[in-house]
Peer 1: 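One structure is given below, represented as structure tokens, and several questions about it will come after.
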Amino acid sequence: MTIKKRVPVNLSVGGIMYNAFYTGQYTADLYLDPQRQYNTALWTCEAVGTDDSPGYGIQNSTLWDFGGELVFSRKEKVTYSMGKELIVQTPDDIEKLKLPNLETAPAFQYEIQFNDIQIANGKKVVCQAGSMLEHMQQLAGTKNVLRWLVKHPEQMHVFYRKITDYLCAKIDYKIERYGASNLSLMGTYQLDNDMMISRKIFEKMSLPYIIEIHDRFVDAGICGWLIHLCGDHRKSLHYWLEEIRIPKHTAFWIGTEMDIEKTAKLIGDQHAISGNLANTLIQTGSPQELYDETKELVLKMKHHAGGFILRPDCSLTVKAPPANLYAIVKACREFGDFE
């Protein structure tokens with residue numbers, strides 16, 4: 001008897017931003033009440049019909065943990081938590097940064113509350129494993145981070161060291177609390193793409209710390225990994241395949257800047273490919289357009305031997321019309337079966 005499988009649909013509807021939009025709640029209430037976020041996100045995931053689980057993440061959480069101040073606005077229902085001001089204004093400020101005490105770090109403790117709820121409900125906990133630049137920009141701003149990579153590389157290595165230590169401490173804390181088998185790791189590499197920094201800078205600055213994190217937590221026994229290569233990473237993909245340790249069945253989530261068929265062939269049969277419906281189409285297209293686009297993508301990719309997971313090209317647009325998400329799920333259910 002042949003067992004049929006079906007392409008998973010992960011649209012991240014269980015995250016705080018889209019959950020707030022879909023259920024008409026204030027993001028501020030969901031940020032600061034992990035139980036409420038979990039409970040309402042269950043309804044959102046079921047209503048949309050995806051394979052998502054409830055998720056949690058405070059925007060600019062690293063800034064808050066390092067002593068910065070966040071604003072949870074209620075002027076609009078759906079809005080990011082924003083930092084009042086950057087706490088790293090000059091390269092000299094990097095040396096002054098002190099690693100947070102995780103027992104009192106506010107964003108991390110809210111995260112732990114949510115993780116406890118996940119574990120109690122038989123879910124795995126997702127940990128952030130990069131990129132370091134994404135966390136640096138919360139403290140210093142994108143323009144400063146990109147400028148200092150060129151003009152102040154020595155001080156930026158100190159910055160990389162501190163952020164790497166912070167991320168590792170968070171993961172170690174969760175390994176001790178939940179066990180490595182209950183964790184999965186996700187790295188999002190937006191500022192490390194070919195459009196933002198040169199390959200030379202990536203190799204000298206980012207790569208050593210990515211290798212360190214992967215070596216450390218592959219050895220720790222964490223098997224589930226999701227690598228979001230946001231933007232164009234074609235010139236740096238070989239680093240991921242040749243120099244960075246990644247367990248079998250790692251999922252590579254790519255955007256529309258990279259051809260999904262070509263990328264799937266490059267990563268090979270041991271890894272899954274994930275993506276890459278355009279958020280612009282999800283937000284502005286018609287349900288029929290989304291149905292047709294999803295059908296084409298699913299039929300093209302569902303037989304990739306390493307597995308295929310249907311996702312948007314990046315985090316789901318907050319303004320995704322529910323009818324368009326219905327069209328995506330419908331097309332995937334109708335054409336996503338395979339043997």
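Note that these values count all heavy atoms, side chains included, but never hydrogens, waters or copies made by symmetry.
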Peer 1: Where is the tightest heavy-atom contact between Gly130 and Tyr189, given as atom of each residue plus distance?
Peer 2: CA-OH, 4.0 Å
Peer 1: For the NE2 atom on His238, are there more than 12 heavy atoms of other groups (residues, nucleotides or ligands in this structure) within a distance under 6.0 Å?
Peer 2: yes
Peer 1: Under 3.5 Å, is there a donor-acceptor pair between the side chain of His214 and the main chain of Arg245?
Peer 2: yes
Peer 1: Treating Tyr31 as the side-chain partner and Gly57 as the backbone partner, does any N or O pair qualify as donor plus acceptor under 3.5 Å?
Peer 2: no
Peer 1: Does Leu133 belong to the same Ile/Leu/Val/Met/Phe/Trp/Tyr cluster as Leu226, with side-chain heavy atoms less than 4.5 Å apart forming each link?
Peer 2: no
Peer 1: Could you tell me whether a side-chain N or O of Gln270 sits under 3.5 Å from a main-chain N or O of Gly306, the two making a donor and an acceptor?
Peer 2: no
Peer 1: Determine, step by step, whether Asp259 and Arg234 satisfy the salt bridge (Lys or Arg N to Asp or Glu O under 4.0 Å) criterion, reporting the C-alpha distance in whole Å, the side-chain angles of both residues, the deciding distance to 0.1 Å, and the verdict.
Peer 2: CA-CA 9 Å; Asp259 182 277; Arg234 286 174 293 178; over 6 Å; no
Peer 1: Assess the pair Phe308 and Phe338: is the distance between their ring centroids shorter than 6.0 Å?
Peer 2: no
Peer 1: How long is the gap from CG on Leu241 to CG on Leu237, to the nearest 0.5 Å?
Peer 2: 4.5 Å
Peer 1: So how far is it from Met136 CE to Leu146 CG, rounded to the nearest 0.5 Å?
Peer 2: 11.0 Å
Peer 1: Can you tell me how far OH of Tyr38 sits from CD1 of Ile117, rounded to the nearest 0.5 angstrom?
Peer 2: 8.5 Å
Peer 1: If I compare all heavy atoms of Leu191 with all of Met196, which pair ends up nearest, and what's the gap?
Peer 2: O-CB, 3.3 Å
Peer 1: Verify salt bridge (Lys or Arg N to Asp or Glu O under 4.0 Å) between Lys302 and Asp337, making sure each step is shown before the conclusion.
Peer 2: CA-CA 8 Å; Lys302 68 179 182 179; Asp337 286 351; over 6 Å; no
Peer 1: Report the residues that fulfil side chain to side chain contact (heavy atoms under 4.5 Å, CB included) with Ser198, sequence neighbours left out, ordered by chain and then residue number.
Peer 2: Lys200, Ile201
Peer 1: Parallel, tilted or perpendicular, judged at 30° and 60°: which one describes the rings of Tyr160 and His157?
Peer 2: tilted
Peer 1: Please check this pair: side chain of Asp33 against backbone of Asp29, looking for a donor-acceptor N/O pair closer than 3.5 Å.
Peer 2: no
Peer 1: Out of curiosity, Ile273 CD1 to Lys265 NZ, how far, rounded to the nearest 0.5 Å?
Peer 2: 12.5 Å
Peer 1: Quick one, Gln89 with Asn144, criterion side-chain hydrogen bond (donor to acceptor under 3.5 Å, both in side chains). Give me CA distance, side-chain angles, the key distance, then yes/no.
Peer 2: CA-CA 8 Å; Gln89 301 278 351; Asn144 283 338; 5.6 Å; no
Peer 1: Could you verify whether a donor N or O on one side chain and an acceptor N or O on the other, from Asn39 and Arg36, lie under 3.5 Å apart?
Peer 2: no
Peer 1: Could you go through the side chain to side chain contact (heavy atoms under 4.5 Å, CB included) check for Ser131 and Ile210 one step at a time?
Peer 2: CA-CA 8 Å; Ser131 96; Ile210 297 172; 5.7 Å; no
Peer 1: Quick check: does any side chain N or O of Asn60 sit under 3.5 Å from a backbone N or O of Ser81, one acting as donor and the other as acceptor?
Peer 2: yes
Peer 1: Can a donor-acceptor pair be found, under 3.5 Å and without considering hydrogens, that links the side chain of Lys123 to the backbone of Asn115?
Peer 2: no
Peer 1: I'd like to know if the side chain of Ser274 and the backbone of Ile309 have a donor-acceptor N/O pair within less than 3.5 Å.
Peer 2: yes
Peer 1: Please determine whether a side-chain nitrogen of the Lys or Arg among Arg333 and Asp51 lies less than 4.0 Å from a carboxylate oxygen of the Asp or Glu.
Peer 2: yes
Peer 1: Test Phe72 against Leu32 for side chain to side chain contact (heavy atoms under 4.5 Å, CB included), laying out the working first.
Peer 2: CA-CA 9 Å; Phe72 297 92; Leu32 301 176; 3.9 Å; yes
Peer 1: Does Gln190 offer a backbone N or O that forms a donor-acceptor pair with the side chain of Asn193 under 3.5 Å?
Peer 2: yes
Peer 1: Step by step, would you call Asn279 with Gln283 a side-chain hydrogen bond (donor to acceptor under 3.5 Å, both in side chains)?
Peer 2: CA-CA 6 Å; Asn279 264 303; Gln283 182 171 328; over 6 Å; no
Peer 1: Phe108 pairs by ring-ring contact (aromatic ring centres under 6.0 Å, His included) with which of Tyr166, Tyr173, Trp64?
Peer 2: Tyr173
Peer 1: Would you say the side-chain atoms of Gln138 pair up with the backbone N or O of Thr62, donor to acceptor, closer than 3.5 Å?
Peer 2: yes
Peer 1: Do other residues, nucleotides or ligands put more than 12 heavy atoms under 6.0 Å from Lys300 NZ?
Peer 2: yes
Peer 1: Do Ile222 and Ile175 come close enough that some side-chain heavy atom pair is under 4.5 Å?
Peer 2: yes
Peer 1: Measuring from Tyr239:OH to Ser206:OG, what's the distance to the nearest 0.5 Å?
Peer 2: 11.0 Å
Peer 1: Short question: side chain of Asp65, backbone of Pro100 - any donor-acceptor pair under 3.5 Å?
Peer 2: no
Peer 1: As a test of understanding, state which of Glu111, Glu176, Glu103 forms a salt bridge (Lys or Arg N to Asp or Glu O under 4.0 Å) with Lys170.
Peer 2: Glu111
Peer 1: When rounded to the nearest 0.5 angstrom, what is the spacing between CG in Leu290 and OH in Tyr326?
Peer 2: 13.5 Å
Peer 1: Should the pair Tyr291 and Phe335 be assigned to parallel (<30°), tilted (30 to 60°) or perpendicular (>60°) ring geometry?
Peer 2: perpendicular
Peer 1: Establish, yes or no, whether a centroid distance under 6.0 Å links the rings of His233 and Trp240.
Peer 2: no
Peer 1: Do you reckon Leu139 sits in the same ILVMFWY cluster as Val158, going by side-chain contacts under 4.5 Å, direct or chained?
Peer 2: yes
Peer 1: Determine whether Trp225 and Tyr209 fall in the same hydrophobic cluster, where Ile, Leu, Val, Met, Phe, Trp and Tyr are linked whenever their side-chain heavy atoms lie under 4.5 Å apart.
Peer 2: yes
Peer 1: Could you tell me which residues satisfy side chain to side chain contact (heavy atoms under 4.5 Å, CB included) with Gln113, sequence neighbours excluded, listed by chain and number?
Peer 2: Pro34, Tyr110
Peer 1: Run Met132 and Ile213 through side chain to side chain contact (heavy atoms under 4.5 Å, CB included) and show every step you take.
Peer 2: CA-CA 10 Å; Met132 281 54 75; Ile213 282 184; 3.9 Å; yes
Peer 1: Please check if the number of heavy atoms outside Glu46 that lie under 6.0 Å from its CD is greater than 12.
Peer 2: no
Peer 1: Is Leu207 reachable from Leu185 through a run of I, L, V, M, F, W or Y residues, each pair having side-chain heavy atoms under 4.5 Å apart?
Peer 2: yes
Peer 1: Could you tell me whether Asp292 and Lys295 have a side-chain N and a carboxylate O separated by less than 4.0 Å?
Peer 2: no
Peer 1: In this structure, would Leu316 and Val318 fall into the same cluster of hydrophobic residues linked by side-chain contacts under 4.5 Å?
Peer 2: yes
Peer 1: Would Cys314 and Cys230 count as a side chain to side chain contact (heavy atoms under 4.5 Å, CB included) if you check the C-alpha gap in whole Å, the side-chain angles of each, and the deciding distance to 0.1 Å?
Peer 2: CA-CA 7 Å; Cys314 197; Cys230 186; 3.7 Å; yes
Peer 1: Locate the shortest heavy-atom distance separating Leu30 from Tyr56; write the atom from each residue and the value.
Peer 2: O-CE1, 3.8 Å
Peer 1: Report the residue from Thr50, Asn276, Ile328, Asn10 that forms a side chain to side chain contact (heavy atoms under 4.5 Å, CB included) with Leu310.
Peer 2: Ile328
Peer 1: Among Ile16, Thr27, Asn19, find the residue that satisfies the side chain to side chain contact (heavy atoms under 4.5 Å, CB included) test when tested with Val78.
Peer 2: Thr27
Peer 1: Between Gln128 and Ile171, what is the shortest heavy-atom contact and its length?
Peer 2: O-CD1, 3.7 Å
Peer 1: Where do Lys124 and Ser181 come nearest, in terms of heavy atoms and distance?
Peer 2: CE-O, 3.1 Å
